[in-house]
Each structure stands twice: as structure tokens, then as C-alpha cells.
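Lettering follows sequence order; numbering is per chain, from 1. Below, all heavy atoms of this structure are taken into account, side chains as well, without hydrogens, waters or symmetry copies.
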Amino acid sequence: MAAVLDVRHLSIAFPRATPVPDLSFTIEEGETLALVGESGSGKSLTALALMRLLPRNARLGEASRILFSGRNIAQLPEPEMRRLRGRDMAMIFQEPMTSLNPVMTVGRQVAEVLELHEGLSRRAARKRATELLDLVRIPEAHRRLDAYPHQFSGGQRQRVMIAVAIAAHPRLLIADEPTTALDVTIQAQILELLDQLRRDLSMALLLITHDLGVVAQWADRVIALYAGHKVEEARPQLLFGTPAHPYTQGLLAASPRLRADYHYSDGPLIEIPGSIVSAVGEKGCPFAPRCPVARATCRTAMPPLLPQGDGHFVACPVTTLREAPHGHSVGL
Amino acid sequence: MHQFLRLSRVLVRALIHAVPTVIGIVILDFFLLRLAPGDAADVMAGESGAATEETMAALRSRFGLDLPALDQLLAYLSNLAHFSLGYSPRYNMPVSDLILQRLPSSLGLMGISLVLALVIGIALGVVMATQAGRWPDRLLSVLALLFYSVPSFWIGLMLIVLFSVKLGWLPSGGAGSIGTDATGLAALLDQARYMLLPALSLSLFYVAIYARLARAAMLEVRSQDFIRTARAKGLSPAAVTLRHALRNALLPVTTIAGVHLGGLMGGAVVVETVYSWPGLGRLAYEAVMSRDFTVLLGVLLLSSVLVILANVVVDLLQAWLDPRIEAAS
Ligand SMILES: Nc1ncnc2c1ncn2[C@@H]1O[C@H](COP(=O)(O)OP(=O)(O)OP(=O)(O)O)[C@@H](O)[C@H]1O
Ligand code: SF4
Ligand SMILES: [Mg+2]
């Protein structure tokens with residue numbers, strides 16, 4: 001399979017901070033890649049960087065390469081980038097309540113993309129918009145075309161956002177916490193819809209979430225992000241079965257609903273002690289200040305991301321050595 | 001269809017509110033004017049130089065000026081109920097005729113001024129917002145502050161000095177060339193030449209207000225999620241600004257525009273005087289000087305009706321701009 005997206009040495013810096021120092025990953029055609037991590041780990045910034053929609057004061061590092069279908073778009077001039085956005089790569093956001101223009105009909109907001117990228121006439125775009133709203137399962141789409149966003153529920157608005165995003169058949173759809181603001185039953189419906197559209201339209205899906213339950217169910221591959229660093233990468237089964245990085249282990253411990261036998265009355269939610277802010281200024285492993293098994297050596301140099309076989313990568317020498325075949329036993 | 005129903009509900013609600021407001025304003029104005037010393041008979045007597053007690057008494061009784069205040073009010077209200085604004089002792093003609101003579105030129109001046117203020121103000125505000133923090137924004141901000149703080153009569157005088165006296169491009173007063181019998185386009189152009197300076201003096205203050213409002217509103221809107229969505233669609237900055245940001249930013253601007261309409265009328269009194277513009281503002285000024293309260297009441301009544309109508313228009317405009325506004329049923 002070819003990579004739709006091949007990101008190398010992505011770095012995103014603000015005048016006072018560098019939330020994403022050096023991140024590389026790929027997304028294969030038709031694949032669902034999940035990006036997980038605590039709040040502030042750089043998930044949204046990474047997504048915005050791919051769309052080249054970073055805030056004004058953010059800088060993309062010079063060494064950053066974003067190969068989209070083999071073409072580096074990291075330095076692509078804005079007018080050319082605009083031709084990609086909404087057509088070849090599209091994005092949906094966390095807040096369905098505010099992501100649609102409140103004073104424009106839903107039909108216009110979908111049709112706008114079609115007029116822009118597909119060159120459809122107003123009338124043809126309107127007809128196609130109805131079909132798209134139908135496709136994302138808005139009931140009575142033809143009637144609701146002229147309704148405004150405030151007349152839709154949160155879940156329906158997110159469906160409209162999805163219709164806008166897939167209108168021009170993108171090869172890559174980025175969904176930044178698409179269901180975080182919705183209640184649980186709606187969440188499942190939206191994710192199901194996204195997954196079906198991904199298969200039907202053969203798109204790749206970059207699914208950003210901090211809900212590991214979502215990852216377990218929908219992702220082909222997971223990347224755990226901490227302070228802008230990829231600390232672990234694997235298929236979900238592997239990541240959840242044998243999490244190797246202490247951060248991933250902590251995330252899993254904090255997601256009790258992944259365990260089938262868990263009931264909320266069993267005990268309080270476990271959280272990883274400490275805060276991601278402690279990663280600032282760490283020369284070595286960014287997780288060291290919070291890591292229960294940290295060594296002095298962890299703080300000297302950033303541990304490299306090493307393959308553990310079967311597509312499993314981990315950036316922690318301490319826990320992976322423990323499982324190494326001739327390893328001197330390293331106690332936890 | 002739905003849109004139409006929604007707008008007509010907004011209209012009906014606004015009109016129902018208007019009637020008691022107008023009646024309240026009339027009564028309030030009536031008693032306020034009582035507070036001024038003297039009456040029309042005093043002024044007319046003073047001007048004629050030789051008036052006896054008897055002629056003044058005759059004058060007063062002819063126009064009902066000798067009745068108790070409450071009776072005068074009731075008489076005035078009963079006039080109003082018969083769609084009459086009363087009779088002016090000074091001009092010796094019905095007040096409604098007097099007002100109708102002056103109304104068109106005043107409405108023209110205020111309408112053009114308001115349109116100028118909105119169009120120029122919003123355009124400047126959008127430019128300022130897109131250039132926020134850079135030198136075009138700074139320059140325009142200073143300019144806006146200047147227009148905001150300088151009184152309109154001074155702006156009017158300076159415009160006259162520059163464009164009429166020094167450059168000789170535009171007339172310094174009046175409402176049309178005397179003695180020309182131009183028709184059609186030529187007449188319109190002639191009027192526009194006379195209108196330009198007064199309209200500009202009247203609108204610059206509001207240009208400043210609307211520019212600053214539009215700038216703030218655009219900056220506010222720019223950081224909202226749906227703007228990010230619009231950019232993620234691949235729209236150009238111009239399309240994002242004009243199609244998505246501007247219409248949302250217009251909402252707060254139209255609210256304030258409605259609030260400022262009363263002020264625009266007040267400003268018209270000054271500007272009409274400076275440019276000897278034959279409008280209601282000058283009529284009001286003359287009515288005050290001659291204590292011709294029937295005329296003044298008429299002008300005030302009409303002004304309040306105009307302000308209320310303008311606010312209805314603003315309400316309709318807002319309901320049209322913002323689909324979330326529903327008439328409370
Ligand atoms: N405009 C900005 N200026 C300065 N720092 C910023 C800015 N935007 C984000 N950051 C920093 O970058 C880091 C990553 O932010 P990002 O929004 O990518 O996190 P996230 O992983 O998406 O978190 P969440 O789960 O809360 O959405 C944060 O620590 C934040 O402080
Ligand atoms: S490298 Fe050291 S500090 Fe980092 S996660 Fe592994 S053990 Fe903890
Ligand atoms: Mg985020």
C-alpha cells in the first residue's frame with residue numbers, strides 16, 4: 001500500500017514554546033490512523049499543520065516535510081494549498097455547535113464546497129448537496145437544505161460537517177475529536193458513519209481522540225503522542241494487549257471502560273499523576289518527571305523509538321529491555 | 001415563505017410597541033416645552049416692536065395659548081386623533097403643511113448620511129480588521145478617533161473652507177441651484193452637489209463609530225470556529241471575509257446603527273443650520289427661537305415616529321441577517 005501522507009520531522013513552534021519538536025508518521029491509503037494523547041499533547045496542532053491552517057504565530061520548522069500523495073506540501077504557496085484544502089484533504093472539528101456558520105443555510109454551506117472545487121453551478125450544487133445530506137443520513141434532506149444550523153441537533157450538525165468534508169471526495173479526512181462534544185449513543189453513530197464513508201469513498205482517516213475506547217473499535221493503527229513526541233505506535237490489539245510505554249500504560253489505566261468487567265462503581269478513575277506541563281525543558285524523555293519507573297539515564301537523552309517487531313514501536317529503553325530475550329532483568 | 005412569515009411577525013410586534021411609545025413621547029415633550037420661558041405671542045410682539053396688551057391677549061386666545069396647560073394638551077391630543085398637527089401662529093399655516101415642505105430634503109440628507117456612514121464605516125472597519133496591528137490599521141484608527149472627537153459643525157465649516165472657498169468645487173449652502181430648470185439626471189446631479197458636503201459633515205462622526213465597531217466585530221468573528229471551517233474548505237481570504245465573517249459581524253453594527261439614529265437627527269439640526277439646508281432641523285431651530293411650540297411639537301413627534309420606524313427597519317434587518325432571531329409569539 002502507498003502512503004497517502006508521509007510526515008517527516010514535523011516541528012511546530014511558537015515564539016515561546018515548541019509543542020511539536022520532531023514528529024514523523026505515515027498514513028496508508030484507506031487506513032484509519034488514530035492519534036491519542038492527553039490534552040495539550042499536540043494532536044490538534046499536528047492536524048492543523050497538515051492542513052496548513054496553523055495559528056498565525058505558529059511556525060512550521062524548516063526541516064518539516066509533509067508528503068501528501070508524494071508531494072511535499074510543507075512549503076506549498078497558499079493559493080496552491082487552497083486548491084488541496086476541502087478537495088484532497090478535509091477536516092472536521094470537535095465543536096459541531098460552533099463549526100458551522102450560524103447565518104448561512106446548511107445547504108449553502110455544503111454547496112459552497114461543490115461550487116468551489118467541483119465547479120458545479122448553483123443549481124447542480126444544491127442537488128448534489130441534498131444527496132450528500134442524504135448520504136450522512138440527515139432525515140428529509142431535501143426539506144432541511146434551507147434550514148439553519150441552530151435548527152439541528154449536535155449530532156446532526158456533525159453530520160453536516162461530515163457532508164461538507166466529504167463533498168469533494170478527499171483522499172484524506174482528518175477528524176479532530178469528532179465525537180467528544182456528543183453524547184455516547186450519538187458518538188457511536190457518527191463513528192460508524194465515518195468508518196462507512198471511509199470504506200465507500202476509499203479515504204484515509206486520521207482520527208484524533210483521547211478516548212481509547214474509540215481507538216480500540218475503529219483504528220487500524222494507533223500513535224500515542226506525548227508532548228509532541230511519538231512514544232508508542234502499534235495496532236490497537238497490540239497496544240492494548242501489551243502496552244510498553246509507561247505513558248501508554250497510564251493512559252490505559254485511566255480508561256476503565258476498555259475493560260469489559262469494569263463498572264463505574266468499582267473504583268475511582270485513575271489518572272496519570274502530574275501534568276504534561278512538566279515536559280517543558282526536559283532534555284531526555286519528556287515523560288520522565290511523571291514516570292514511575294524513570295532512571296537517571298532517562299533524563300540525559302531523548303530515548304529513540306525502537307521497533308519491537310510486528311509493527312510495534314516504543315520510545316522507552318527501560319520497559320522494553322525488560323522484555324528483551326537475554327535482558328538482565330529490570331524490575332519495575 | 002418561512003423567512004417571510006418570520007419577518008412579518010417581527011414587523012407586527014415592533015408596530016404594536018410603537019403606538020404607546022409615540023403617545024408617551026408627545027405628552028413628555030409637551031410638558032418639557034412648558035418649561036421654556038415665554039410663548040409665541042411674546043416673540044411676535046417683541047419682533048413687531050409695538051404690541052399692546054390687548055393684541056397679545058387676542059393672539060393668545062386665538063391660538064389657545066391662554067388655556068390651562070392640561071386643556072392645551074387635551075386639545076393637542078384631540079387634534080392628533082383627527083390627524084392634524086395643529087396650526088402655526090408664526091407661519092400662519094397648518095403645521096403639517098410646514099413639515100411636509102421640509103421633510104423630503106431632511107429625509108434625503110439623513111438617509112444619504114446614514115448610508116454613507118454605514119458603507120464607508122463598515123468598509124474601513126473590514127480593512128482595519130484584516131490589517132489589524134499594521135500601519136493601515138493604525139492610521140485609520142487615528143483618523144477614526146479624529147472624526148469621532150471633532151464636532152460636526154466644525155467639520156462642516158472646514159469642508160466649506162476647503163471645497164467651496166479654496167477649491168470652489170462644491171456649493172457652500174442651499175439645496176439646489178436657483179434659476180436653473182434642469183430636469184432628470186442633470187437636476188439629480190445638481191442636488192447631489194449640494195448634498196455632498198452636508199451629508200459628509202453629518203456622517204463622518206458615524207463613519208468613525210461604525211468603523212471601530214465593524215473592526216471589533218470582525219476581529220471577534222475571525223477567531224470563531226466556523227471561520228476555521230471556511231478556511232478548511234479551501235475558500236480564499238476574500239470569500240472567508242465577505243461571505244462568512246462580514247455577515248456575522250454586521251449584527252452588532254446594525255444594533256448600534258439603530259441606537260444612533262436619534263443622534264443623527266440631532267446632528268442634522270446643526271448641519272442644516274451650517275449649510276442653510278431647508279430641512280426639519282432648521283425648522284426646529286427656528287421654532288425654538290420663535291417659541292412656536294406647535295411647530296416644535298410637530299417636528300418632535302415626527303422625529304420620534306421616524307426613529308421608531310428606523311428601529312423597525314433595523315429589527316427587520318437583523319431578523320433578516322440573523323436566522324436565530326424569532327419573534328416572541
Ligand atoms: N496559539 C497558541 N499559542 C501558543 N501555544 C499554543 C497555541 N496553540 C496551542 N499551543 C500549545 O500547544 C500545545 C498542544 O496544543 P494542541 O491543541 O495541539 O493539544 P491537543 O493535543 O489537541 O489537546 P486537546 O486534547 O486539549 O485538544 C498545548 O500545550 C498548547 O499550550
Ligand atoms: S524513558 Fe525512562 S522516563 Fe521515559 S518513559 Fe521510559 S522509563 Fe519512563
Ligand atoms: Mg485538540
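Exactly one residue among B/Thr229, B/Asn248, B/Asp225 makes a side chain to side chain donor-acceptor pair (under 3.5 Å) with A/Asn101. That residue is B/Asn248.
Between the side chain of B/Arg324 and the backbone N or O of A/His150 there is no donor-acceptor pair closer than 3.5 Å.
Rounded to the nearest 0.5 angstrom, B/Arg228 CZ and A/Leu53 CG are separated by 9.0 Å. Rounding to the nearest 0.5 Å places CE of A/Met51 at 10.0 Å from CZ of B/Arg231.
Within the 4.5 angstrom heavy-atom criterion, only side-chain atoms of A/Leu116, from C-beta onward, approach chain B. B/Leu321 touches chain A through its backbone: at least one of N, CA, C or O sits under 4.5 Å from a heavy atom, while the side chain does not. For chain B, the nearby part of A/Val164 is the side chain; its heavy atoms alone come within less than 4.5 Å. Looking at A/Met81, there are no atoms closer than 4.5 Å to chain B (heavy atoms on both sides), in backbone or side chain.
The shortest side-chain heavy-atom distance between A/Met104 and B/Arg247 does not fall under the 4.5 Å cut-off. Between B/Lys233 and A/Gln109, the closest side-chain pair of non-hydrogen atoms falls below 4.5 Å. Looking at A/Glu112 and B/His244, their side chains come closer than 4.5 Å, going by heavy atoms from C-beta outward.
The shortest non-hydrogen separation linking A/Arg82 to B/Pro237 is NH1-CD, 3.3 Å.
With respect to chain B, the highest number of heavy-atom pairs below 4.5 Å among A/Pro102, A/Ala165, A/Gly86, A/Pro55 belongs to A/Pro102.
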